[in-house]
Colleague: 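After the C-alpha cells below, expect a handful of questions from me.
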Amino acid sequence: MKVRTRFAPSPTGYLHIGSVRTALYAWLYARHHGGEYILRIEDTDRERSTQAAVDAILDGLAWLGIDSDEPPVYQTQRFPRYAEVIERMLAEGTAYRCYCTKEEIEAMRAAAQAHGEKPRYDGRCRAGDRYRPDVPPVVRFKNPLDGEVVVDDLVKGRIVFANAELDDLVIARSDGTPTYNFTVVVDDADMRITHVIRGDDHVNNTPRQINIFRALGETPPAYAHLPMIHGPDGTKLSKRHGAVNVLEYREMGFLPQAMLNYIARLGWSYGDQEIFTIDELIRYFDLDRVSRSAASFDPMKLLWVNQQHLMRTPVEQIAPLLEEQLRRQGLDPRNGPPLELTIEALRERSQTIVEMAERAHCYYEEFEAFDEKAARTHLTAAARDVLVALKEALAKVGEWSENAIEEAVKGVAEGLGLKLGKVAQPLRVAVTGQAASPGIGVTLVLVGRERAVERIERAIRYIEQQEVKAGGEGRG
RNA sequence: GCUCCCUUCGUCUAGCGGUCUAGGACGCCGCCCUCUCAAGGCGGAAACAUGGGUUCGAGUCCCGUAGGGAGCGCCA
C-alpha cells in the first residue's frame with residue numbers, strides 16, 4: 001500500500017517551528033517511502049481561523065519547499081460530508097443525541113472528580129430516552145464500554161488505553177457543526193491516510209479516534225507521535241525565546257535548506273552526521289530514528305548549521321538572496337564587485353545572509369569613518385610610509401588580481417624589512433575601515449583598484465591630520 | 001485528582017546486554033595554521049535522574065521513587 005501522510009494545521013496564527021517539524025517529518029516520511037503528502041487546513045473553528053493565517057502557513061511551507069502532492073483540503077468545504085457521516089452513525093446506532101444541559105454536564109464532571117476520577121460524561125443519554133423539545137441536542141459517539149485500545153505508535157512504542165477511561169465525546173455540536181476528533185477521522189479515512197504523524201499532545205485523542213474509525217468500519221492508520229520542541233531553557237517554546245514564526249527566519253537571513261536540516265536533526269539523527277542536503281534527508285529519514293523525548297531549540301547551533309550550508313550551497317543560488325539583502329540594507333549591488341566574488345569571500349565568515357550583507361558594505365559604498373580602535377592601532381605615524389610605499393607598489397600591479405596584489409604587498413613588506421602583518425593590517429584598515437576582512441588580496445579585488453587607491457590616499461591624509469593634532473596639543 | 005508520555009555532557013544526540021575507562025556535534029577553553037577575522041586541524045573540561053530487581057554481566061530489560069510534560073471542551 002502506498003504511504004500517504006498529511007500535515008493538518010489549524011490556521012489560527014503563524015507557522016510555528018514545532019509545526020514545521022511535524023510537517024517536515026510527514027513530508028520526509030512520504031518522500032522516503034515513495035508515497036504522498038497532503039496539506040489539510042483544519043479551519044472548522046471559524047472564530048479563530050483567518051485567511052492571513054492560511055497564507056502564512058502556505059508561504060512558510062512554500063519557502064521551505066514542503067510541497068503537497070494534491071491541492072490542500074479545507075475542512076470548511078467538507079461540512080456536507082461530515083453531516084452525512086453523522087446521520088449514518090445515528091442510523092447505525094454508533095452515535096446518539098444527547099439532551100443534557102451545560103449544568104448537568106458540569107455537575108457530572110464535578111461528581112467524577114469528587115470520586116477521584118477524571119471529569120467525564122456518564123452516558124446517561126445513551127439509551128435514547130431523554131428527548132427534550134426545549135434543548136437542542138449534541139451528537140455523541142458511543143464509545144465501547146470495556147476492553148482496551150492498543151496503539152503501536154511508531155515513535156513511542158505500544159501504548160494501551162482502557163475504554164473505561166474514555167467517555168462519549170461530542171461529535172456534533174448543538175448547531176450541527178462537527179468537532180475536531182470526528183472530522184479528523186472522517187478526513188483521514190476519506191483521504192486514505194496511512195500514517196498519521198503529529199505532535200504528541202494528540203496521543204490521548206488517539207484511542208477515541210481509533211474507536212471512531214472502527215465504528216465507521218474503517219481500518220485505522222498507523223500513528224507516530226512526535227515529542228514537543230522546547231525553548232533553550234527547557235520550557236515551552238515561545239516568543240520570549242526569539243522567533244517562533246518560521247518566516248522570521250527568512251528575514252533573519254537563514255537558508256531554507258539549513259532550517260530543514262536543523263529542524264530535522266531536532267529529534268532525529270542519522271549516526272554522527274550533522275549536515276544534510278534535502279536529498280540526504282529524504283534518503284535517510286525514517287520514524288524509527290526519531291527520539292521519544294522533547295528537544296530544546298538551540299539558536300546557536302542553528303546559526304552554525306546555516307553557516308555550514310552557506311559554505312556549501314552553490315554561489316549562484318545565494319547570489320539572488322544576497323542581492324535582495326544588500327538592497328534592503330540600502331546598498332546598490334551594481335556599485336561594487338560581482339556578487340559571486342563577494343559570496344566566495346564572505347561565506348565562511350558569515351552565519352546569515354544578513355551578516356554577509358553587513359560585512360559587504362565597504363565594497364558597495366564609501367564608509368563614513370575608520371573604525372576607531374582599528375585606526376588607533378594600525379593607522380599610526382609609522383604606517384604612513386608603509387601606505388605610501390603600498391600605493392606606489394600597487395600602482396605598478398598589472399592585472400588587478402588576488403595573486404598580483406599579494407605579491408606587491410609582500411614585496412613592500414620585504415623592501416621595508418617589516419613583517420607582513422605590519423603592512424597588511426594598515427592596508428586593510430585603510431581600504432575597509434575595519435581591522436578584519438577576508439585575505440588582503442581578495443579584499444583589494446573586492447574594493448576595486450580605483451577605490452583602493454583613493455582610500456589609501458585618504459588614510460595617508462588621516463594619519464597626517466592626526467600628527468598635526470598631536471603636535472598642536474604638544475605645543476599647547 | 002485521573003489517564004498517558006518522557007528522563008545519557010549546558011544543548012542536539014550515538015548507544016538497540018558484554019566492543020562504554022560512554023562516541024559525535026553546537027557552545028566554552030587551549031594549541032596549531034596565519035596578513036586580520038573566519039574556516040579548518042588537534043587537544044581539554046562536561047552526562048547515563050534515583051532506589052531496587054533480572055542476569056555471569058545493565059546506559060541498554062523489569063518494578064518503584066523523584067522530576068518534567070501532555071490530555072481530561074459543544075478548541076483544534
Side-chain angles (χ1 to χ4, degrees), chain A residues 8-12 42-45 47-49 75 98 102 105 109 112-120 136-140 151 153 156-157 159-162 165-167 169-175 177-181 183-184 199-207 225 227-228 230 232-236 262 265-275 288-289 291-305 307-308 311 346-351 359 374 378 406 409-410 413 419-429 432 434-441 443:
Chain A
S10 53
T12 55
E42 308 220 322
D43 54 354
T44 52
D45 184 349
E47 303 274 298
R48 297 196 300 152
S49 299
Q75 290 192 319
C98 167
K102 302 224 160 162
I105 306 278
R109 287 205 250 265
Q113 288 252 41
H115 285 87
E117 287 168 13
K118 65 172 85 168
R120 47 205 270 260
V138 298
V139 177
R140 286 185 186 272
V151 183
D153 193 280
K156 307 249 177 197
I159 308 172
V160 180
F161 298 89
E165 290 293 335
L166 274 26
D167 64 356
L169 65 293
V170 171
I171 59 174
R173 305 182 181 98
S174 48
D175 66 359
T177 58
T179 61
Y180 170 75
N181 279 111
T183 58
V184 166
D200 70 0
D201 47 336
H202 288 291
V203 283
N204 292 293
N205 288 327
T206 307
H225 286 98
M228 298 195 56
H230 289 156
D233 59 356
T235 63
K236 194 173 173 185
Y262 177 71
R265 270 291 279 104
L266 205 52
W268 171 82
S269 63
Y270 186 76
D272 287 340
Q273 191 168 341
E274 297 286 350
I275 302 302
D288 57 2
R289 304 196 65 88
S291 76
R292 302 193 298 180
S293 52
S296 290
F297 187 86
D298 181 359
M300 298 287 273
K301 188 153 182 178
L302 203 212
L303 246 10
W304 177 78
V305 170
Q307 178 169 24
Q308 292 297 313
M311 291 190 293
L346 297 177
R347 69 200 319 191
E348 64 190 29
R349 356 180 102 72
S350 311
Q351 295 192 299
R359 287 180 186 281
H378 299 294
E406 280 178 9
V409 174
K410 279 177 188 154
K419 284 206 272 187
L420 189 51
K422 289 286 178 196
V423 177
Q425 277 306 85
L427 177 56
R428 171 170 282 114
V429 176
T432 68
Q434 306 290 323
S437 85
I440 198 65
T443 296

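Each chain gets a letter, A, B and so on, in the order its sequence line appears, and its residues count up from 1. Note that the structure is a prediction, hence the values are computed from the model and not measured.
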Colleague: Base, sugar-phosphate alone, or nothing: which one does A/His202 contact when heavy atoms must sit under 4.0 Å apart?
Modeller: base
Colleague: If you look at every strand shown and take non-hydrogen atoms under 4.0 Å, does A/Val170 touch a base, only sugar-phosphate, or nothing?
Modeller: sugar-phosphate
Colleague: When you check every protein heavy atom under 4.0 Å of nucleotides 31-50 of chain B, what one-letter string (B, S, -) results, 5' to 3'?
Modeller: ----BBBBSS----------
Colleague: Using the P atoms only, state how far B/U3 lies from B/G64, rounded to an integer number of Å.
Modeller: 12 Å
Colleague: Using ring pair (Phe, Tyr, Trp, His ring centres under 6.0 Å) as the criterion, list what pairs up with A/Phe297, not counting sequence neighbours.
Modeller: A/Tyr262
Colleague: With sequence neighbours left out, what residues match A/Asp200 under side chain to side chain donor-acceptor pair (under 3.5 Å)?
Modeller: A/Lys156
Colleague: Between A/Gln273 and A/Asp167, which residue's closest nucleotide on RNA chain B lies nearer the 5′ terminus?
Modeller: A/Gln273
Colleague: Taking side chain to side chain donor-acceptor pair (under 3.5 Å) as the definition, give me every residue that meets it alongside A/Thr432, ordered by chain and number, with sequence neighbours left out.
Modeller: none
Colleague: Provide the distance between the two C1' atoms, one in B/C33 and one in B/G41, to the nearest whole Å.
Modeller: 8 Å
Colleague: What's the gap between B/C48 and B/G10 when it is taken at their P atoms, as a whole Å value?
Modeller: 9 Å
Colleague: For B/G43 and B/G24, measure between their P atoms and round to the nearest Å.
Modeller: 9 Å
Colleague: Quantified in whole Å, what is the C1' atom distance between nucleotide B/U19 and nucleotide B/C12?
Modeller: 25 Å
Colleague: Considering Watson-Crick and G-U wobble pairs with both distances under 3.5 Å, what does B/G71 pair with?
Modeller: B/C2
Colleague: So, using ring pair (Phe, Tyr, Trp, His ring centres under 6.0 Å) as the criterion, who are the partners of A/His230 when residues are at least two apart?
Modeller: none
Colleague: Of all residues at least two apart in sequence or in a different chain, which pass the salt bridge (Lys or Arg N to Asp or Glu O under 4.0 Å) check with A/Asp45?
Modeller: A/Arg48
Colleague: If B/C26 has a Watson-Crick or G-U wobble mate with both distances under 3.5 Å, name it; if not, just say none.
Modeller: B/G10
Colleague: Just name whichever nucleotide pairs with B/G18, Watson-Crick or G-U, keeping both distances under 3.5 Å, else none.
Modeller: B/C56
Colleague: Please identify each residue that fulfils side chain to side chain donor-acceptor pair (under 3.5 Å) with A/Ser293, with sequence neighbours left out.
Modeller: none
Colleague: Can you tell me, in whole Å, how much space there is between the P of B/U11 and that of B/A66?
Modeller: 23 Å
Colleague: With both distances under 3.5 angstrom, what nucleotide forms a Watson-Crick or G-U wobble pair with B/G51?
Modeller: B/C63
Colleague: Does any nucleotide pair with B/U36 by Watson-Crick or G-U wobble geometry, both distances under 3.5 Å, and what is it?
Modeller: none
Colleague: If you measure from the P atom in B/C29 to the same atom in B/A38, how many Å do you get, rounded?
Modeller: 11 Å
Colleague: Encode nucleotides 1-14 of chain B as B, S and - characters from 5' to 3', where the letter depends on protein heavy atoms closer than 4.0 Å: B to the base, S only to sugar-phosphate, - to neither.
Modeller: BBBSSSS---SBSS
Colleague: What pairs with A/Asp272 under side chain to side chain donor-acceptor pair (under 3.5 Å), at least two apart in sequence or on another chain?
Modeller: none
Colleague: Looking across every strand, which nucleic acid part, if any, lies under 4.0 Å from A/Arg48 by heavy atom: base, sugar-phosphate, or nothing?
Modeller: base
Colleague: Expressed as a whole number of Å, how far does the C1' atom of B/C9 sit from that of B/C56?
Modeller: 31 Å
Colleague: With a 4.0 Å cut-off on heavy atoms, is A/Thr44 in touch with a base, just the backbone sugar-phosphate, or nothing at all?
Modeller: sugar-phosphate
Colleague: Determine whether A/Gln434 and A/Arg359 satisfy the following criterion, side chain to side chain contact (heavy atoms under 4.5 Å, CB included), listing intermediate values before the conclusion.
Modeller: CA-CA 10 Å; A/Gln434 306 290 323; A/Arg359 287 180 186 281; over 6 Å; no
